[in-house]
Amino acid sequence: MPEGHTIHRLARDLAADLLDRPVVASVRQARFADGARRLDGRVLTGTDAHGKHLFLQFDSGDVLYVHLGLIGAFRRHLLPAPEPSPNLRLRLEGDATAWDLTGPMVCELRDPDVVDHVAASLGPDPLRRGADPQRFVDAVRRSRKPIGALLLDQSVIAGIGNVYRAELLHLAGIDPNRPGTSVTEDEARTLWRLAGEQLRLGLKRNRIVTVPLDGRRLTSIRREDSWHVYKQERCRSCGDQVALRPVGNRTSYACATCQPA
DNA sequence: CGATTATGATTAA
DNA sequence: TAATCCTAATCGC
């Protein structure tokens with residue numbers, strides 16, 4: 001479930017559980033055995049998130065660089081933690097909790113400069129203080145690529161994935177296929193604002209829910225009812241058929257009525 | 001129990 | 001454009 005909100009939430013939650021005390025690091029897969037050995041008994045000194053990239057800093061000077069990719073997960077367990085999955089890449093165990101990492105696209109011990117290197121490759125991240133919206137606006141309006149592809153391009157805006165792409169464009173009333181050059185300054189600014197609002201909500205809730213709650217409890221909303229157009233047959237705003245088609249290598253969901261061409 | 005799918009991204013052809 | 005990597009939940013039989 002990793003879009004930018006998930007990664008920022010992990011940075012926060014991992015720090016809350018594991019900071020400033022030695023961790024117990026273990027693995028089941030052989031591929032990260034050396035890494036776990038190096039982390040075992042070290043102290044987590046800080047965490048950081050840039051877009052979908054997660055960084056854990058240790059007192060050894062090592063930075064654990066994690067990217068969850070499509071199927072990666074970092075799951076929290078109360079101690080005593082259950083038997084881990086055979087696919088466990090890394091378990092970080094603190095005083096009261098264990099965090100199990102499975103299926104990450106990237107899990108590496110790196111020098112601290114990896115943070116700046118990765119950050120330099122990314123567009124502005126709406127969840128980071130000091131992010132420059134104009135960088136996003138200009139990158140969009142300079143490109144002929146469809147806005148639906150630009151929102152997934154991490155060098156244009158960091159942290160947006162396929163759910164937020166569909167939902168932000170729907171909230172903004174913008175057709176995913178419109179070229180960036182046709183997006184007005186106002187529209188681009190609106191997309192940035194909505195991205196910040198929705199990512200912050202997602203961070204707070206640890207879940208993507210873009211539909212209005214209207215007084216309902218979050219827990220009463222089923223997953224499949226959480227969005228306006230993403231994975232919907234009909235638009236949750238107007239009831240019209242949702243059009244599916246690939247934009248920028250991923251399935252794009254849009255309502256032709258709410259998001260006219 | 002096998003097939004399918006997924007909120008990601010890079011590399012090869 | 002296609003193939004590839006990585007895991008787990010879900011669905012149909």
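Proteins come first, then strands; the chains are lettered A, B, ... in the order of their sequence lines, and each starts at number 1.
Put simply, A:R223 has no side-chain N or O that comes within less than 4.0 Å of OP1 or OP2 on B:dT7. In terms of phosphate contacts, A:H67 brings a side-chain nitrogen or oxygen within less than 4.0 Å of OP1 or OP2 of B:dA9. Listed pair A:Q154 / B:dG8 fails the phosphate criterion, with no side-chain N or O lying under 4.0 Å from OP1 or OP2.
Here, B:dA13 and C:dC5 have their P atoms 13 Å apart, quoted to the whole Å. Comparing B:dT7 with C:dC11, their P atoms are spaced 16 Å from each other, to the whole Å. Spacing of P atoms, B:dC1 relative to C:dC6, comes out at 24 Å, to the nearest Å. Rounded to whole Å, the C1' atom of B:dT10 lies 23 Å from the corresponding atom of C:dA8.
For A:R38, the salt bridge (Lys or Arg N to Asp or Glu O under 4.0 Å) partners are A:D62, not counting sequence neighbours. Under the salt bridge (Lys or Arg N to Asp or Glu O under 4.0 Å) criterion, A:R37 pairs with A:D34, not counting sequence neighbours. Legend: residues meeting ring pair (Phe, Tyr, Trp, His ring centres under 6.0 Å) with A:W227, ordered by chain and number and at least two apart, are A:Y230. By the side chain to side chain contact (heavy atoms under 4.5 Å, CB included) test, A:L203 pairs with A:H5, A:H8, A:R9, A:R12, A:L127, sequence neighbours left out. Listed by chain and residue number, A:F55, A:V63, A:Y65, A:R110, A:V118 satisfy the side chain to side chain contact (heavy atoms under 4.5 Å, CB included) test with A:V114 (two or more places apart in sequence, or in another chain). Every side chain to side chain contact (heavy atoms under 4.5 Å, CB included) that A:A139 has, sequence neighbours left out, goes to A:V156. Remark: A:P246 engages no residue in a side chain to side chain contact (heavy atoms under 4.5 Å, CB included) (not counting sequence neighbours).
Of the residues in residues 29-37 of chain A, those with a non-hydrogen atom less than 4.0 angstrom from any atom of DNA chain C are A:Q29, A:R31. Within residues 230-240 of chain A, the residues approached by DNA chain B to less than 4.0 Å at the level of any non-hydrogen atom are A:Y230, A:K231, in residue-number order. For the contact set between residues 99-111 of chain A and DNA chain C, defined by any heavy atom under 4.0 Å, the members are A:T102, A:G103.
Going from atom CG of A:D153 over to atom C1' of B:dT10 covers 13 Å, rounded to whole Å. Rounded to an integer number of Å, the gap from CG of A:L244 to P of B:dT5 is 12 Å. Taking atom CG of residue A:N249 and atom P of nucleotide B:dT7, one finds them 13 Å apart after rounding to whole Å. The interatomic distance linking A:L68 (CG) with B:dT7 (C1') rounds to 11 Å, in whole Å. Between the CG atom of A:L199 and the P atom of B:dT7 there is a distance of 16 Å, given to the nearest Å. Separating the OH atom of A:Y253 from the C1' atom of B:dT5 is a distance of 10 Å, rounded to the nearest angstrom. A:L54 places its CG atom 15 Å from the C1' atom of B:dG8, with the value rounded to the nearest Å. Residue A:L169 contributes atom CG, which lies 15 Å from atom C1' of B:dT7 at whole-angstrom precision.
Side-chain atoms of A:R28 and A:S85 form no donor-acceptor pair, as typed in the model, at a separation below 3.5 Å. Between A:T184 and A:D186, the side chains place no donor N or O within less than 3.5 Å of an acceptor N or O (distance only, hydrogens not considered).
If you check every strand for non-hydrogen atoms under 4.0 Å, A:R165 touches nothing.
In this structure, A:D225 places its CG atom where more than 12 heavy-atom neighbours from other residues, nucleotides or ligands lie under 6.0 Å away.
A:R245 contributes no side-chain N or O that, together with a main-chain N or O of A:A254, makes up a donor-acceptor pair within less than 3.5 Å. Of the possible donor and acceptor atoms, none in the side chain of A:E108 sits under 3.5 Å from a partner among the backbone N and O of A:V66.
Salt-bridge annotation for A:R75 and A:D100: absent, with no side-chain N of the basic residue lying under 4.0 Å from a carboxylate O of the acidic one. Contact check on A:R76 versus A:D17 returns a salt bridge, with a Lys/Arg side-chain nitrogen under 4.0 Å from an Asp/Glu carboxylate oxygen.
Between A:P126 and A:A195, the closest heavy-atom pair is CG-CB, 4.1 Å.
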Base-pair map of DNA chain B as dot-bracket, where | denotes pairing with a different strand and pairs are Watson-Crick or G-U under 3.5 Å: ||||||.|||||.

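Of all nucleotides in DNA chain C, those with any atom nearer than 4.0 Å to a heavy atom of chain A start and finish, going 5' to 3', at C:dC6 to C:dA8.
Checking each of A:Q134, A:R141, A:R135 against A:D138 for a side chain to side chain donor-acceptor pair (under 3.5 Å) leaves exactly one that passes, namely A:Q134.
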Working for side-chain contact (heavy atoms from CB on, under 4.5 Å), residues A:Q57 and A:L44: CA-CA 6 Å; A:Q57 288 126 3; A:L44 180 68; 5.6 Å; no

